[in-house]
Amino acid sequence: MGYEFYKVEPPPGVSFEDWMSWKWQYRNSLSTAEQFQQYMELSEDQVLAFEKARASFNIRVTPYYAALAGGSDPVPGIQRILMPDLKELSLGAQQMLDPLGENKNRPTERIVHRYPDRVLFMVTDFCSVYCRYCTRKHFTGKDQAFPSKDEYTRALDYIANHSEIREVILSGGDPLTLGDARLEKVLSDVQQIPHVDLVRIGSRIPTVAPMRISEELVNIFRRNKPVYFMAHFNHPREITQESAHALELLVDNGVPVFNQMVLLNGVNNHPALVYALSRRLLSLRVKPYYMFQVDPSEGTDHLRTSIEQSESIQKSLWGKASGLAMPNLSLDIPDGGGKAPLYPDFEIHRTQHSRTYTGWDGVTAEYINPAKETLIKPDDVSFYENETPS
Ligand SMILES: *Cc1c(COP(=O)(O)O)cnc(C)c1O
Ligand code: SF4
């Protein structure tokens, strides 16, 4: 039972102790072409891209993630995630600085409130890896780090003053680039607001610096429960022994973990990779949650799939793969329209009283509704109705 996960070896001259320290990983993160070249081969164009692309989006990677993508057994697909590319500079089919229209849904500097019962709280703009497809290039990597005291107070006040908010999603940047003490303060400040049910943490740390997930950190989550964890793995090879350990530490300590992946051209845009990733995650008790279409942020055309290709990847797995293994395919409607789920359509015919479907493996049948008059309203609706977002 179980998978044999890849082990990322430190380069010669780096002690195991340094390698397994997340602070060492941050202090030694790579930013220049020369530093990248210690882990992977770069073409002339790639070296040039370091000079040209930095102005539009920061460049950084942890030695750990560089060793995973490069080293003696390189994964070219994963290198496309972290490596600047000259294609980032050319005009694409669509390029928006703020594809999710977040700036118009920002009631205060660090809050994005797009849906009634949940908000994003952008606690830092710092990431330990700058993914070239990042949707939030308007914010991420601008070295604003932790909010100022006033920004922080305004964010907390906003949440406290909006009783419809049930979930606060710590986002960024990567919230786990904050130190333990700061993170615990944020969690406890947010959890103290009476109408907040839970906090979600969206982080790429289990992929790019899994040693950050320590006993101390999960104890902080435990003390401030319920905390849900949204991980971000895109490729089965990213789940290494170190990542598997980090994920198990979270789940063993009562933190439910979900995964949000992005379908990336030349990285994971094939059903075999999506399925392999899902099975590995499930074996570690992580539920595949979303499979996103890349947002048309600036310089991402070369990393985007077409909607049709994404749908065909989904359709080819539908039914054959366990429902637990199927992430929800979704795209963000440009300019702040919110998420649009994409589902395969099985309906082939509809009448006033019935619908006819052909299922994933070709079985066709009709579902007939009960008579309209039989539908009744439960007696106790009014008891719960005022909790419902409107
Ligand atoms: C995606 C997103 C959420 C969370 O949506 P879920 O479907 O609940 O995971 C919340 N706020 C914003 C602005 C988002 O883009
Ligand atoms: S970790 Fe997330 S926020 Fe940071 S660069 Fe990658 S996609 Fe953007």
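Each ligand, and each atom within it, is numbered from 1 in the order the structure gives.
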Practice task
State which residue, out of I193, V119, L156, fulfils the side chain to side chain contact (heavy atoms under 4.5 Å, CB included) condition with V168.
Solution key: V119

Contact partition for [X] relative to ligand 1, non-hydrogen atoms under 4.0 Å:
{"X": "M230", "answer": "neither"}
{"X": "L120", "answer": "side chain"}
{"X": "I169", "answer": "side chain"}

Problem - Sequence-distant partners of I376, side chain to side chain contact (heavy atoms under 4.5 Å, CB included), two or more places apart - result: none

Is [Y] paired with [X] through a side-chain N to carboxylate O contact shorter than 4.0 Å?
{"X": "D157", "Y": "R154", "result": "no"}
{"X": "K137", "Y": "E298", "result": "no"}
{"X": "D361", "Y": "K320", "result": "no"}
{"X": "E109", "Y": "R106", "result": "no"}
{"X": "D197", "Y": "R118", "result": "no"}
{"X": "R355", "Y": "E366", "result": "no"}

Completion exercise
Value for NZ (K52) from CG (D85), rounded to nearest 0.5 Å, stands at 14.0 Å

Exercise for the section: Anything protein N/O/S under 2.8 Å from atom 4 (Fe) of ligand 2? Just list residue and atom, please. Expected result: C127 SG

Problem - From the candidates K339, R136, R114, H113, the one that places a heavy atom nearest atom 5 (O) of ligand 1 - result: K339

Where is the nearest protein heavy atom to [atom]: which residue, which atom, and how far?
{"atom": "atom 9 (O) of ligand 1", "answer": "Y289 OH, 2.7 Å"}
{"atom": "atom 11 (N) of ligand 1", "answer": "Y115 CD1, 3.6 Å"}
{"atom": "atom 7 (O) of ligand 1", "answer": "Y290 OH, 2.6 Å"}

Exercise for the section: Decide whether a cation-pi geometry holds between R132 and F57; the criteria are a distance under 6.0 Å from NZ or CZ to the six-membered ring centre and an angle within 45° of the ring axis. Expected result: no

Exercise for the section: Determine, counting only non-hydrogen atoms of the protein, whether one lies under 4.0 angstrom from atom 6 (Fe) of ligand 2. Expected result: yes

Using a strict 4.0 Å cut-off to heavy atoms of [X], name the atoms of ligand 1 that fall inside it.
{"X": "R200", "result": "4 (C), 6 (P), 8 (O), 9 (O)"}
{"X": "R118", "result": "4 (C), 5 (O), 6 (P), 7 (O), 8 (O)"}
{"X": "V112", "result": "13 (C)"}

Problem - Atom of E216, atom of D180 and distance for their closest heavy-atom approach - result: CB-OD2, 3.9 Å

